[in-house]
Number of protein chains: 2
Amino acid sequence: MESEGQSRAETSRSSERRPRVRRNVTAAIAQDICADRYPSGSPLPRENDLCELYGVSRTVIRESLKVLESKGLVRGKPRVGTTVCDRDEWNILDAEVLDWMGPYIKDFDLLGCILEARRTIEPAAAEYAAERASAQEIADLDRAWRQMRDSAGEPESFTDADVMFHTVLLTASHNQVFRRLSSAIHAALKYALHASNIAVENREDAVLVHGELVEALRMRDKTGARECANRMLDLAVRDLAAAEKVIGRTK
Amino acid sequence: MESEGQSRAETSRSSERRPRVRRNVTAAIAQDICADRYPSGSPLPRENDLCELYGVSRTVIRESLKVLESKGLVRGKPRVGTTVCDRDEWNILDAEVLDWMGPYIKDFDLLGCILEARRTIEPAAAEYAAERASAQEIADLDRAWRQMRDSAGEPESFTDADVMFHTVLLTASHNQVFRRLSSAIHAALKYALHASNIAVENREDAVLVHGELVEALRMRDKTGARECANRMLDLAVRDLAAAEKVIGRTK
DNA sequence: AGGTAGTGAGTTTGGTGATCTTCATCGCGG
DNA sequence: CCGCGATGAAGATCACCAAACTCACTACCT
């Protein structure tokens with residue numbers, strides 16, 4: 001009955017200790033939802049059943065359901081039960097939701113949408129960043145770029161640096177809405193490119209363009225920055241196409 | 001409705017049986033945070049104190065805090081307490097968060113950011129909508145436009161129709177990321193324009209441009225749609241400038 | 001006699017409060 | 001000066017009550 005084994009690798013990174021346990025039943029339920037174990041649009045088990053299923057008390061289940069509800073994954077109706085919401089009601093710009101979707105993200109047609117959004121937003125963000133970025137932010141970008149450049153053999157480190165780069169770029173646009181979208185880009189980069197390890201072939205070009213973007217920002221060159229961002233995204237399109245080919249083959 | 005007088009935790013012991021408490025308590029705490037009663041960056045009262053302050057049991061408080069935490073407003077550390085997060089960690093693209101911020105939204109520099117984001121995103125969304133909108137969606141847009149046109153004297157109805165128009169437009173772009181941003185636009189329109197009733201002077205022009213956009217979508221005219229969206233946003237910029245003047249004067 | 005509407009039992013979520021556990025913090029003593 | 005325990009606050013569970021929705025059963029009206 002200990003269905004506890006359904007959890008993934010738990011992001012063992014930097015987990016100082018593990019004294020604290022199953023407070024994140026929330027993630028387990030969410031991942032089960034994403035995995036379509038609870039089909040979208042139809043009811044979840046009763047709270048008491050969920051207690052047994054996940055081996056925790058009803059209080060914990062209820063807290064988890066509240067969180068899930070607050071993110072639009074489920075809708076709890078007073079005394080009828082909790083039903084899984086349709087996917088387009090989910091708060092897919094929430095970092096946690098993206099994280100829960102994780103590997104299932106490709107079943108959601110999200111990667112294309114995110115890339116499309118990036119093509120729209122990142123050039124504009126780069127332009128704003130060109131006139132608003134602080135010296136600190138440019139330095140951070142430079143550092144991320146160096147890490148990309150220097151992480152020759154390690155796709156892990158490369159992707160981390162890439163994510164960091166784009167996050168800082170959006171932050172440097174000093175637009176709170178853009179900034180919030182970094183979680184989506186994070187997820188896209190992490191689960192599309194990193195998972196398929198495709199980016200290697202474009203790595204050289206990517207490093208080049210990222211570097212040019214930093215330089216443009218340093219020069220406060222708005223049109224140059226926008227131009228670089230566009231070229232960056234051309235590469236991303238290529239990456240995604242390659243990744244999708246791999247995914248299609250794997251499936 | 002919400003004029004229940006929740007300015008403070010008036011409802012200590014004196015209130016008798018109260019159903020549907022949790023949602024209200026969550027909103028109350030969130031609004032108290034937005035109102036800077038709990039200053040950003042510093043600790044909230046202890047859970048037991050919050051029970052008394054809001055007149056509910058600890059379970060409810062904990063569920064509320066979990067929801068708030070899941071939206072990035074607070075961060076609860078294991079045995080030290082719950083602290084209010086910095087504002088740029090808040091999930092400002094969440095509809096509920098926007099709603100809680102409500103009137104305080106202008107203390108946030110959010111309106112400008114949202115408008116900036118709209119200037120970036122809506123033209124692109126219009127372009128995508130031009131090639132992807134379903135007949136139903138175009139019909140919905142048309143209906144919203146008619147409501148805008150016909151709501152002569154009522155700013156209420158006009159704003160509702162305007163919000164609906166832009167929501168449907170983003171939906172019609174068939175991009176899940178764009179679609180999610182409608183809550184932000186909703187909040188911006190509701191709390192900036194509607195609150196200040198400024199839009200009246202631009203109403204004629206706005207109706208015109210919205211109508212042209214519908215026509216462009218019907219013709220699947222991508223560049224035309226983008227052009228209309230841009231002109232629409234020029235008007236929005238004017239509206240915001242006017243609204244900010246009013247706000248500044250009021251303050 | 002048949003169908004509908006009202007009622008009542010049962011079920012399920014919402015909310016309360018007590019209790020136990022687990023550690024982070026802090027102060028006391030070695 | 002360091003560690004060791006007391007304290008206190010959050011994490012978690014349990015038992016219970018309240019309210020509202022479901023469903024079925026019955027009784028009444030046509």
Report task. Starting from P on C/dG14, measure out to CZ on A/Arg75 and report it in whole angstrom. Result -> 14 Å
Look for any protein N or O under 3.5 Å of an N or O in nucleotides 10-12 of chain C and output each such pair with its distance, or none.
| from | atom 1 | to | atom 2 | distance (Å) |
| --- | --- | --- | --- | --- |
| C/dT12 | OP1 | A/Arg46 | NE | 2.5 |

Report task. Find the distance B/Ile61:CD1 to D/dA12:P and express it as a whole number of Å. Result -> 17 Å
Report task. Take atom CD of B/Glu63 and atom P of D/dG11, then tell me their distance rounded to the nearest Å. Result -> 13 Å
Report summary line: In whole angstroms, the gap separating P of C/dC23 from NZ of B/Lys77 amounts to 17 Å
**Report entry** Inter-residue atom distance A/Ile105.CD1 - A/Leu98.CG, 0.5 Å rounding
**Finding:** 5.0 Å
**Report entry** Of the listed nucleotides D/dA10, D/dC16, D/dT13, the one nearest the side chain of A/Thr59
**Finding:** D/dT13
Query raised in the report: Rounding to a whole Å, what distance do you find between B/Arg62:CZ and D/dC14:P?
Result: 15 Å
Report task. To the nearest 0.5 angstrom, please state how far the CD atom of B/Glu69 sits from the CD atom of A/Glu96. Result -> 8.0 Å
Requested in this report: Could you list the residues that satisfy ring-ring contact (aromatic ring centres under 6.0 Å, His included) with B/Phe108, not counting sequence neighbours?
Outcome: B/Trp90
Query - Whole angstrom value for the distance that separates P of D/dA9 from CG of B/Leu44 - result: 15 Å
Query raised in the report: Would you say the side chain of A/Val177 lies within less than 4.5 Å of the side chain of A/Ile121, judging by non-hydrogen atoms?
Result: no
Query raised in the report: What is the distance from CZ of B/Arg58 to P of D/dC14, rounded to the nearest Å?
Result: 16 Å
Query raised in the report: For B/Leu65 and D/dA9, what is the distance between atoms CG and C1' respectively, to the nearest whole Å?
Result: 13 Å
Query - Contacts of type side chain to side chain donor-acceptor pair (under 3.5 Å), residue A/Arg146, not counting sequence neighbours - result: A/Asp142
Requested in this report: Measure the spacing between CZ of A/Arg118 and CG of A/Leu115 and express it to the nearest 0.5 Å.
Outcome: 6.5 Å
